[in-house]
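Below, chain A is the first sequence line, B the second, and so on; all start at residue 1.
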Amino acid sequence: MRGSLNIIVGGVGGQGILSLARVLGEAAVLDGLEALVAETHGLSQRGGSVIVHVRIGENIEAPLIPMGEADIMISMEAMETLRNIGYMRRKGVIVSDTLIIPPSIPGVKPLKLEDIVEAVKSAGLEAHFLSASEEAKKLGDSRVANIILLGYAYRVSHIKDFISPRSLMKSVETLPGRDLNLKALTLYATLD
Amino acid sequence: MSYPEVLGELGSRALMLGNVAVARACLEHGVGFASGYPGTPSSEVIEALAYAASRLGYPYVEWSVNEKVAFEAAYGSAMAGVPSIVTMKHVGLNVASDPLFSSAYTGVEASFLIVSADDPGMWSSQNEQDNRWYGVHAYIPVFEPAGAQEARESTLEALKFSENMKHPVILRSTTRVSHTRAPVTLGALARPRLSGVFTKDVSRWNIVPMHARKLKEELLSRWERMEEMLSENPINTVEGPEDSKILVVGVGLGYRYARESLFKLKALNSVRLLKIVTSIPPPRKLLLRESEGRSAIVVVEEGDPVFETLLKSILYEEDVRVKVYGKASRHLKKSGELKADAVTKALASILGLNYSPETPINPPITPPPRPPVLCPGCPYRSVFYALRRAVKMSKMEAIYSGDIGCYSLGLNPPFNVQDTLIEMGGGIGLANGLAHVVKDKVIVATIGDSTFFHAGLPEIVNSIYNGAPMIVLVLDNGTTAMTGHQPHPGSGRDALGREARKLVIEDVVKGLGVSRVSVANSFNAREVEAKIREAIRDVVYEGETHVVVARGACILDAVRRASSLKVKRPIYIVDSDKCRACGICYKAFNCPAIMPGEDGRVSINASLCVGCGVCEQVCPFNAIRVLEPGDPEWGRILGMEL
């Protein structure tokens, strides 16, 4: 596939966002593509908003995705999905967990899921909300929610035009908890 | 942390952070000595080298007690002819700036690379100082990589240049170079020189004024030679048509933004683009040659307009009249990090090209802010809760002189126990002044364990010597948590994870001459409160400094340790009949794992709760209780006894 793909990976510090982004980057490298994965480290990893910019393909130079130029967003928390929506192209694809984690500030009320979904959909984007964290628990470990979302995003977005299933699986294999992660990936990306 | 990619095979292409690429280059060059102090965004260089050293048996790698010591250690090693590097975040170089200047006077006997990771945008720092000024100020060349692959190449080139010139070199990275992963093609690993020979030479290594005057002259002539050599270094490259009226100069990562913007503006084939890696001293000959016949030059760089200023000075000296655009001309901002859209917009306006950026989607509702918070089970939460109570119960008001670490998060409500936060060690330092001039309040200086060893000791000594009564609250969680759990002198292990001599904070404090010292378990809020109240009495009624060491494991470490030792953690629940919806557990104690329902009565989110058990202590109605008890070892893990 020629061209490039800009992917925003977002969520709350501690959810496995960096691992998800790295899996994408490593799979792209296995396929011989260029890749940039700009991570958030330090303070915000303590339960703050975390956003990783992933860019794969041709003519990618700068680590950060300009506002309005992300093709895909994979988001592990619904309020963060809305927070990062300014990065999205109007024809972009969003894959988001329905999970809502209230910010730990006294007196702050989280948004309601239905309001978030409506706000995202009113922007005219293709948005897929799934309860990945719940599905992950059913699979046996809430920590595989990131790979469930990755698998789902692989199925419904252009990621599959850039990254081969083989490289994606090879990259997921490097994660701790290999078997469950592979199971989650094949199940949600429908790779079999 | 695990960094298998740093040991990747020759010729392979591996996705790695800029910082890991720097570490890889050190292994390829044969660096024999590496030291540093943790600080975002620099920490992974030493971590990756420590990972390599634990497998290869070399190079020598240490986390030093602070940046000054780290610098001096690497400098000493380079004096003795062992290729050496020292790493730190940008503000760390302020701590190390005294030996930095001297190192340029004396030079070194082997490669000496100073890795400074700057943080434009202040993602995890108190300022966005541009450390290239240190290069100008101290006569030390600066190399600036544009990404991970260039981080490897610039590091190799900088180490080689340093070795040839027997002079220190600064490698200036920025957050987006250090913390962006990109594919890097790997070279061969080299066996390092590990043992050195120190050749005595008082006139060189002993910079008393008599020697320093001579060394200054030598430094100036060496600087001229270095300027000459860097002027034609092929690591700086040009592309695009020679006859272009406009020259774009991309410095370090600025090159990447400039190149992508020119591509987007379809101007890559019509504009001359110069990529600068060796920014200090600027490559004079190359710049003059490339300025010839141009009507305008645009400089794109991260941080202050350092290169832009120096370029203008060179053009002025050589009587070249050409308009220079950049940050001084306000086409680009002097604050924050570079952003692709801002660079494209600036270039389009200077080049007279059309550019209409995408209008970002603006949703009708905005989510509430989500600042970072203390983790569920963080020992600092119970200490801050106890601190607030102790001050209140003593009917006192306090000034909370804070410091840098995870505990900086105590600045937020409901705790509000970080009235000041200036720099590493600044908490006790400021308290040394506040205690003398503010007499109607008790001064509480908070400091973490790693920061205590980093910069707290002289400040405590000063408080005793000059009689500045204060409470020093040392938060000991056994690790440098915020930057990624690096060890320190109180951890009992070294950079490679091996057992090391463990310095006990209360013993150190007593050795410094503090007579009032107490220790409390951070997870026992009542005990902490009692000790702080005692400390308040010492300060207020006896004018004595009292050091309270609150000890409790970083909960992230504790949970990991419990899993690896197969220790069962307890499960807590709320008896909703007993809960009176008072809100103490989630408002005053502020645990993120405790959620209020519609009626204000709470429940515990089992997936967030780690079982620290402090909520059970703070609930006034005994509504929180153990559902399933944990193993007894859990308490010992939390208390850092296991």
Legend entry - Minimum side-chain heavy-atom gap A:Glu69-B:Lys264 below 4.5 Å: yes

Inset, instruction - Please answer whether the main-chain N or O of A:Glu61 pairs with a side-chain N or O of B:Glu260 as donor and acceptor at a distance below 3.5 Å. - result: yes

Inset, instruction - Taking heavy atoms only and a threshold strictly under 4.5 Å, list by residue number the residues of residues 125-136 of chain A that touch chain B; give 'none' if the list is empty. - result: A:Leu125

Inset, instruction - Quick one: which of A:Gly124, A:Gly14, A:Gly86 has the most heavy-atom pairs under 4.5 Å with chain B, could you say? - result: A:Gly86

Inset, instruction - Could you look at B:Asn362 and say if it's the side chain, the backbone, both or neither that has a heavy atom under 4.5 Å from chain A? - result: neither

Inset, instruction - Using non-hydrogen atoms and a 4.5 Å limit, figure out which bit of B:Leu556 sits close to chain A: side chain, backbone, both or neither. - result: side chain

Inset, instruction - Name all residues meeting the ring pair (Phe, Tyr, Trp, His ring centres under 6.0 Å) criterion together with A:Tyr87; count only those two or more places apart in sequence or in a different chain, and write none if there are none. - result: A:His53

Legend entry - Closest non-hydrogen atom pair between A:Pro66 and B:Ala340, with its separation: CG-CB, 3.8 Å

Legend entry - Other residues, nucleotides, ligands: >12 heavy atoms within 6.0 Å of A:Glu114 CD: yes

Inset, instruction - Inspect the surroundings of CZ in B:Arg388 and state if more than 12 heavy atoms from other residues, nucleotides or ligands are less than 6.0 Å away. - result: yes

Legend entry - Portion of A:Val29 that has a non-hydrogen atom of chain B nearer than 4.5 angstrom: both

Inset, instruction - Would you mind telling me which of A:Ala123, A:Ser122, A:Ser142, A:Gly32 has the largest number of heavy-atom pairs within less than 4.5 Å of chain B? - result: A:Gly32

Legend entry - Proximity breakdown for B:Thr359 and chain A, heavy-atom pairs closer than 4.5 Å: both

Legend entry - Portion of A:Arg22 that has a non-hydrogen atom of chain B nearer than 4.5 angstrom: both

Legend entry - For the student: nearest non-hydrogen atoms of B:Thr180 and A:Pro63, plus distance: OG1-CB, 3.5 Å

Inset, instruction - Identify which part of A:Glu118 has an atom lying under 4.5 Å from any heavy atom of chain B, answering side chain, backbone, both or neither. - result: neither

Legend entry - Contact summary for A:Leu111 and B:Ile365, nearest pair of heavy atoms: CD1-CD1, 4.2 Å

Inset, instruction - State which residues pass ring pair (Phe, Tyr, Trp, His ring centres under 6.0 Å) with B:Phe384; sequence neighbours excluded, sorted by chain then number. - result: B:Phe415

Inset, instruction - Kindly compute the distance separating CZ (B:Phe263) from CD (A:Glu58), expressed to the nearest 0.5 Å. - result: 8.0 Å

Legend entry - Side chain to side chain, A:Leu64 and B:Arg176, heavy atoms closer than 4.5 Å: yes

Inset, instruction - Mind ranking A:Ile60, A:Ile65, A:Ile101 by heavy-atom pairs under 4.5 Å with chain B and telling me who comes out on top? - result: A:Ile101

Legend entry - Atom group of B:Pro41 that falls short of 4.5 Å from chain A, counting heavy atoms: neither

Legend entry - Per-residue contact mode, B:Leu374 against chain A (heavy atom under 4.5 angstrom): neither

Legend entry - Which atoms of B:Leu608 approach chain A - backbone, side chain, both or neither, heavy atom under 4.5 Å: neither

Inset, instruction - Answer yes or no: is there a side-chain heavy-atom contact under 4.5 Å between A:Lys109 and B:Pro368? - result: no

Legend entry - For A:Leu33 against B:Arg13, the heavy-atom pair lying closest together: O-NH2, 2.9 Å

Legend entry - Any pair counted as salt bridge (charged side-chain N to carboxylate O under 4.0 Å, His left out), so long as it reaches residues 74-96 of chain A, sequence neighbours left out: A:Asp71-A:Arg89, A:Glu77-B:Arg370, A:Glu80-A:Arg83, A:Glu80-B:Arg370

